[in-house]
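First the structure, in the form of structure tokens, and then the observations on it.
Proteins get letters first, then strands, A, B, ... in listed order; numbering begins at 1 in each.
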Amino acid sequence: MRITGTFLDEITHDIPSQNWGPEEWAADFDVMRQIGIDTVILIRSGYREQAVFNSWSLRQHRPMLPVRRNLGLLFLDLAQQNGMKLLWGIYDPGDWAQNPRQALAINRDFMHEVNDQFGQHPAFGGWYLTFELSRNNPEQVELTVAAGDLAKSLTPALPTLISPYIAGTKAPPGVKPITREQHEQEWRAIFGQIRSCIDIVAFQDGHVDFLDAPDYLMTNLRLAREAGLTCWSNVETFDRDMPIKFPPIDWRKLEFKIDAAREAGVDKLITFEFSHFLSPNSAYPAARTLFRRYCERFGLDVKTPTCCGREH
Amino acid sequence: MRITGTFLDEITHDIPSQNWGPEEWAADFDVMRQIGIDTVILIRSGYREQAVFNSWSLRQHRPMLPVRRNLGLLFLDLAQQNGMKLLWGIYDPGDWAQNPRQALAINRDFMHEVNDQFGQHPAFGGWYLTFELSRNNPEQVELTVAAGDLAKSLTPALPTLISPYIAGTKAPPGVKPITREQHEQEWRAIFGQIRSCIDIVAFQDGHVDFLDAPDYLMTNLRLAREAGLTCWSNVETFDRDMPIKFPPIDWRKLEFKIDAAREAGVDKLITFEFSHFLSPNSAYPAARTLFRRYCERFGLDVKTPTCCGREH
Amino acid sequence: MRITGTFLDEITHDIPSQNWGPEEWAADFDVMRQIGIDTVILIRSGYREQAVFNSWSLRQHRPMLPVRRNLGLLFLDLAQQNGMKLLWGIYDPGDWAQNPRQALAINRDFMHEVNDQFGQHPAFGGWYLTFELSRNNPEQVELTVAAGDLAKSLTPALPTLISPYIAGTKAPPGVKPITREQHEQEWRAIFGQIRSCIDIVAFQDGHVDFLDAPDYLMTNLRLAREAGLTCWSNVETFDRDMPIKFPPIDWRKLEFKIDAAREAGVDKLITFEFSHFLSPNSAYPAARTLFRRYCERFGLDVKTPTCCGREH
């Protein structure tokens, strides 16, 4: 079972830019297609003062930096050319957890604009709700439901995806880890509320000890099935255990998590994310070797250009 | 309006060494010249126990590590060969802000030695006073004036440069951000004191929100003009927004800052710094793609050797 | 005097994985041999839930991740093919300093298993006791003596190595620096206790100011000689002075430390570690240039494959 979906992280929050233009992006989509990726997920189309296109609705809510290249359209076109669907990540104001009402107000206008501008694109495949839930926080869950309802009203036939994180032993700084029982109890409640408008859940797999990952995967799958949701796993390809935040993951850890997700029975594997952490085109040399290990494991033979422009 | 000056950061404080020898430096100066760089600024010629040449004056003040390669001379020669001027950064004892008298005492002897040894070099183009001012701290301003006066007494015809930082929202850890009004008031006072011996000011452009950068650029230019100083912008090519301190900047941020500086009307753009963060020879692959984006924007066609020694 | 030994850090604690497979490791051992490395030291063969082979004894003590490639055997075979000896680093439970008894109990079983499985390998050259001592902590020293005694009982003819760190001005976070006198006093006492079972000591050279390194090297050598131990220097090839933990070291710092160790009269130079920080195959481009500087200094002419598979 291989990774068949990846986030695109180009309005980055904590991952340094690779400074790719259309040519480099086209080369990377070409590799993605060759290894079987059929789904790309824009992690966010806007973050604070940055966006992937010059949005009039965002500018009505707050000052924005100018955008010289419409990355939303570029990614949709590349997805179409490579036979992929793109799930569109909505706007993250940076303080959505503190001000969920404001985050909803902006996205109400913004999602209409996105649907008007890009909804008819052949590669437009649904919505990614960029807010990363973890605990059963009523305001945050309500925001997710409201954004999900809006997505469904705009495009009733298209799926909605969320990618929560587990408040586990490797939870982000400031987040208190909870027990597996608490996790199960809270997520049963959350799924009960969001099932009306969320189709797919893909938990991030990196916030728990590796030895606990299989159990969490099975728990999450069971909870999702109970609620009627499709369950993917977000197999993170970066390493959370290093002082450098973040390098490409050790292949042994990645292989373990892929196998654990397959054995749990999830429906699909996606990753955060291919281009920085698993690609032969990555700025991180250790990602290029990670790609070799990945191809060896799955018997993939991918043609990638050398630095001289010839193929290996 | 392109970047036509760069710092050289080879006695580094917080940027990892690229471990370049004369051959690698020559290749980088060659690229600098091709993209129009006419000014290089040695950010410091000594820092604590390290220096770019075996200075007898520094050794009289404190123990120093031996120096096997005279980088001061190497950089001057390369500057000359490529038609550039070099501004010479003075010695930073590491605690100049706490002990400005000591910093001055050492530099009094050291700047004489530098002038004796390198002042007649055809590429020697003036002095960079390496102390990074930010607030109107009397002792720090006095140190700058004393070092500037000394520079003027040694080489009356040559310019002096400083590169302060703004105590803005992205100020270094431990530095309290101040308002734009406070900044303006303090810097009007600072310029009044240093105008007698400082010719050029190049504020670092990375410590404020991007949306506020245009206003700060205009304020700083106005203040400098009032005081009769030349005003450059130090367009930082590294990214201050990432957990990794520091990767090459996102091209979109760099382009925004270049355009903002041009629109403000500054006299020249310099950067900290080309070789790590914008060069096709950089150890950071994302710098090599940043260089591509920069060349695309300005229609530059630069020949750089491939890894195989042939040209692209 | 060149570096003739290196650690192998493949169950990493704080250094990101390079994701090498047998082909990449073979290429790196080939370079090691060419520059004169005759000793490789596995820094640890297990750490918490990870190990270099599927050990039944570790699994009896705690749950372990599965291992798909026996790196212990791979490294022994590559050492043999390149005429090197391998010192085998024992298991680190991650909390050995807090629970030395537990660390000993596990290693008692584990070292027997290692000796059974690998002790007869032609390249098996002794033991590296992975616990990094620093102060004269009785429990930690007792653990070292117990592990050393066990090693000697299993393989009386083979050497044992430790690589302590100095609680100097660059000691790890949470470790209080001590004076040189305290260091000398405590290490005289430690050596008195461990001399019965430890053959070689290789202090890490990176936790003190560069200017103090020569004195510490001479002190450590004198203490080791007094106790009858062989004294190597662990010449660290990563940089402890940078915000990024850790990049390849500045060549000037490395050269200074190599020369200081030679002048002190140590018996051999090893490094932590070649493959990440000094190798032309490293994922860090600055390691590749560090390798060039190192080869220039020692007149080495090493054939390394280009990215196109041809040799330079």
Do the side chain of C:Asn19 and the main chain of A:Trp251 share a donor and acceptor less than 3.5 angstrom apart?
-> yes
Between C:Arg69, C:Glu49, C:Gln50, which residue shows the highest count of heavy-atom pairs closer than 4.5 Å to chain A?
-> C:Glu49
Output the option from C:Pro66, C:Ala283, C:Ser282 having the highest count of non-hydrogen pairs under 4.5 Å with chain A.
-> C:Ala283
Per-residue contact mode, A:Leu254 against chain C (heavy atom under 4.5 angstrom) | neither
Taking every heavy atom of A:Pro285 against every heavy atom of C:Arg288, the minimum-distance pair comes out as CG-NH2, 4.0 Å
A:Asp259 and C:Arg68 ion-paired at < 4.0 Å = yes
Of C:Arg62, C:Arg48, C:Met64, the residue whose pairing with A:Leu211 passes side chain to side chain contact (heavy atoms under 4.5 Å, CB included) = C:Arg62
Salt-bridge contact C:Glu23-A:Arg292 (side-chain N to carboxylate O under 4.0 Å) = no
pair A:Arg252-C:Leu65: side-chain heavy atoms closer than 4.5 Å | no
What is the minimum heavy-atom distance between A:Thr289 and C:Glu24, and which atoms define it?
-> CG2-OE2, 4.0 Å
Proximal component of A:Asp239, with respect to chain C [non-hydrogen, under 4.5 Å] | neither
Residues A:Ala286 and C:Ser17: closest non-hydrogen pair is CB-O, 3.5 Å
